[in-house]
Amino acid sequence: GAGVSQTPSNKVTEKGKYVELRCDPISGHTALYWYRQSLGQGPEFLIYFQGTGAADDSGLPNDRFFAVRPEGSVSTLKIQRTERGDSAVYLCASSLWGGETQYFGPGTRLLVL
Amino acid sequence: SQQGEEDPQALSIQEGENATMNCSYKTSINNLQWYRQNSGRGLVHLILIRSNEREKHSGRLRVTLDTSKKSSSLLITASRAADTASYFCATDGDSGYALNFGKGTSLLVTP
């Protein structure tokens, strides 16, 4: 079956702009996660959804970051007033249930100029 | 913050040799997972080992877990050039779902 997909693959934006990153999880997976990976580092947890609700958003760095999953499937990570420090690869993962094996998408590479 | 640490940071071997990577972590866990990443993009899940397991095999991969030492190792036997990648261990730590990754081990396998 299809894996986790993310769009766009790459996004270049200017400082101060708004961006949306999309994640389409594996069909039937109830849990969805967002991570951010900076160059030379491992991924860092941002937010976890179980169904439609954000069960844990403790990893979001500040209130410029927001994520939704309105129908319990596709999720959108939204970043307002982007800053150069937001440049990173944003990874999405899904699992059948929370705590099970997480399967990652290819990521969106965000570059803020 | 990074909870896990892989060791070594970089490893260079020749095809056919075995590669061993180690991971240490700080908190109690439910399970520990190993992932591979090529070219800084998506992570490929390799193997999951639960806290009550000590060793697990999958093809050329062998993972051990020592919860008393809070450490794990990944052994890749008979390595191939295609194994060249970064390898990360990830623990579920306090939450049971949010993965905590280390900085990874960069493995280079030369023909």
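Just so we're on the same page: letters track the sequence lines, and every chain starts at 1. The figures here come from the full heavy-atom set of this structure, side chains too, leaving out hydrogens, waters and symmetry mates.
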**Student:** Name the region of Leu48(B), side chain, backbone, both or neither, that has any atom closer than 4.5 Å to a heavy atom of chain A.
**Tutor:** side chain

**Student:** Name the region of Gln102(A), side chain, backbone, both or neither, that has any atom closer than 4.5 Å to a heavy atom of chain B.
**Tutor:** both

**Student:** Might you confirm whether atom CD of Glu55(B) has over 12 heavy atoms from other residues, nucleotides or ligands at distances under 6.0 Å?
**Tutor:** yes

**Student:** Can you see which heavy atom on Pro25(A) is nearest to which on Arg69(A), and at what distance?
**Tutor:** CG-NH2, 4.0 Å

**Student:** Looking at Thr91(B), Asp92(B), Asn52(B), which hits side chain to side chain donor-acceptor pair (under 3.5 Å) with Asn30(B)?
**Tutor:** Asp92(B)

**Student:** Select one option (side chain, backbone, both, neither) describing which atoms of Ser58(A) are under 4.5 Å from chain B's heavy atoms.
**Tutor:** neither

**Student:** When you compare the side chains of Gln50(A) and Thr30(A), does any donor N or O come within less than 3.5 Å of an acceptor on the partner?
**Tutor:** yes

